[in-house]
2 protein chains.
Amino acid sequence: MTYAIAQAAERSGLSIDTLRYYERIGLVEPPARDSGGRRSYTDEDLAWLEFLTKLRTTGMPIRMMREYAQLRMRGLGTRARRQQILVDHRTDVLNRIAELQTCVAALNYKIGMYDEQLQEEATA
Amino acid sequence: MTYAIAQAAERSGLSIDTLRYYERIGLVEPPARDSGGRRSYTDEDLAWLEFLTKLRTTGMPIRMMREYAQLRMRGLGTRARRQQILVDHRTDVLNRIAELQTCVAALNYKIGMYDEQLQEEATA
DNA sequence: ACTTGACCTGGAGTGCACTCCAGGTTCTAG
DNA sequence: CTAGAACCTGGAGTGCACTCCAGGTCAAGT
């Protein structure tokens with residue numbers, strides 16, 4: 001199964017422009033082209049885009065995604081390095097989650113304060 | 001207790017430039033000035049900066065922080081609206097945490113795959 | 001043959017959140 | 001009195017991650 005760029009965009013949740021942009025900057029290998037010179041994405045391409053999207057969602061900067069992508073293109077000998085990148089990134093993400101949870105606690109506190117104040121207002 | 005801008009920067013974790021920037025765009029009320037015309041931050045100012053930082057950390061865009069800040073400056077009548085902003089934002093943050101956790105699961109999976117592959121490599 | 005729509009390229013433009021700079025003023029120590 | 005550090009202002013510059021545009025090509029339907 002192959003996909004035109006519009007279909008790839010829809011399935012990946014990225015825009016057409018972003019797909020071409022990712023290709024330009026070396027985040028994805030140039031996909032195959034059809035007889036008319038148009039990009040033709042495979043399921044593998046889409047799987048990679050999906051994973052890239054997860055890295056992006058978790059805040060990995062593009063230059064690090066590119067480093068990972070370049071290692072992947074260079075093949076088997078880079079697996080240990082690639083794994084290390086993911087392990088380090090996972091640590092970052094877990095820290096980020098903890099940070100967000102601290103902030104949620106602060107929001108809860110503040111929201112509680114408003115509850116009290118609005119309560120007083122109502123009973124006054 | 002009052003603080004010169006450098007001290008406020010250190011305590012808030014924001015840069016001096018960012019403090020002035022936040023003032024310019026209406027995120028913080030212009031602090032008092034000392035006899036020489038320099039900014040003089042109070043503990044209350046710092047508490048507000050700390051809360052702003054939590055909003056920023058959780059990804060609230062500046063224009064929404066500004067909306068909240070402007071409501072706060074307008075006083076008591078805006079409390080219900082301010083609370084609503086925080087409640088909505090908390091929902092966003094909780095969704096974001098869930099999203100990050102999904103991504104961590106994907107990272108765990110991928111890291112596990114590398115473990116297996118590197119294992120095979122070692123035993124081959 | 002012709003229109004329409006999806007696609008192509010290289011390059012310019014955008015929005016966000018800062019960050020830096022030049023040129024000037026003011027307090028602080030020696 | 002003077003050197004230096006810390007501060008001031010208005011405005012320009014930066015980095016990131018896209019996003020848009022002009023001008024052109026290609027394939028399919030009428």
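We name chains A, B, ... by the order of the sequence lines, and we start the count at 1 in each one.
- Between B/Glu99 and B/Arg96, at least one side-chain nitrogen of the basic residue sits less than 4.0 Å from a carboxylate oxygen of the acidic one, meeting the salt-bridge criterion.
- Between B/Arg39 and B/Arg33 the shortest side-chain heavy-atom distance falls below 4.5 Å.
- D/dC7 atom P lies 7 Å from atom CD1 of B/Ile5, rounded to whole Å.
- The heavy-atom pair separating B/His89 from B/Gly59 by the smallest distance is CE1-C, 4.5 Å.
- Per the geometry, CD belonging to B/Glu10 stands 11 Å off P belonging to D/dC7, to the nearest Å.
- Between C/dA17, D/dT19, D/dC7, one nucleotide has an atom nearer to the side chain of B/Ile16 than all others, and that is D/dC7.
- Across the protein-nucleic acid pair, B/Arg20 atom CZ and D/dT9 atom P stand 7 Å apart, rounded to whole Å.
- You'll find the side chain of B/Arg90 reaches within 4.5 Å of the side chain of A/Asn108, heavy atoms only.
- Near DNA chain C, defined here as any heavy-atom distance below 4.0 Å, the residues from residues 21-38 of chain A are A/Arg24, A/Arg33, A/Gly37, A/Arg38, listed numerically.
- Here B/Tyr22 contributes atom OH and B/Ser15 contributes atom OG; the two are 8.5 Å apart, rounded to the nearest 0.5 Å.
- What separates CZ of A/Arg66 from C1' of D/dC18 is a distance of 14 Å, to the nearest Å.
- Proximity of A/Tyr114 to B/Val87: side-chain heavy atoms (C-beta onward) are nowhere separated by under 4.5 Å.
- Ring-plane geometry between A/Tyr68 and A/Trp48 is classed as parallel, the angle between the planes falling under 30 degrees on a 0 to 90 degree scale with a further cut at 60.
- We find that CG of B/Leu19 is positioned 11 Å from P of C/dT19, with the value rounded to whole Å.
- Distance, B/Leu55 CG to C/dA17 C1': 15 Å, rounded to whole Å.
- The rotation axes computed at either terminus of the helix from C/dA1-D/dT30 to C/dG30-D/dC1 lie 10° apart, taking five pairs at each end and rounding to 10 degrees.
- The interatomic distance linking A/Asp17 (CG) with D/dA22 (C1') rounds to 13 Å, in whole Å.
- A/Leu55 and A/Thr58 get closest at one heavy-atom pair: O-OG1, 2.8 Å.
- Taking only side-chain nitrogens and oxygens, A/Thr18 comes nearer than 4.0 Å to OP1 or OP2 of D/dT19.
- Residues B/Leu14 and B/Arg56 have side chains in contact (heavy-atom distance under 4.5 Å, counting atoms from C-beta outward).
- Atom CZ in A/Arg39 sits roughly 7 Å away from atom C1' in C/dC8 (whole-Å rounding).
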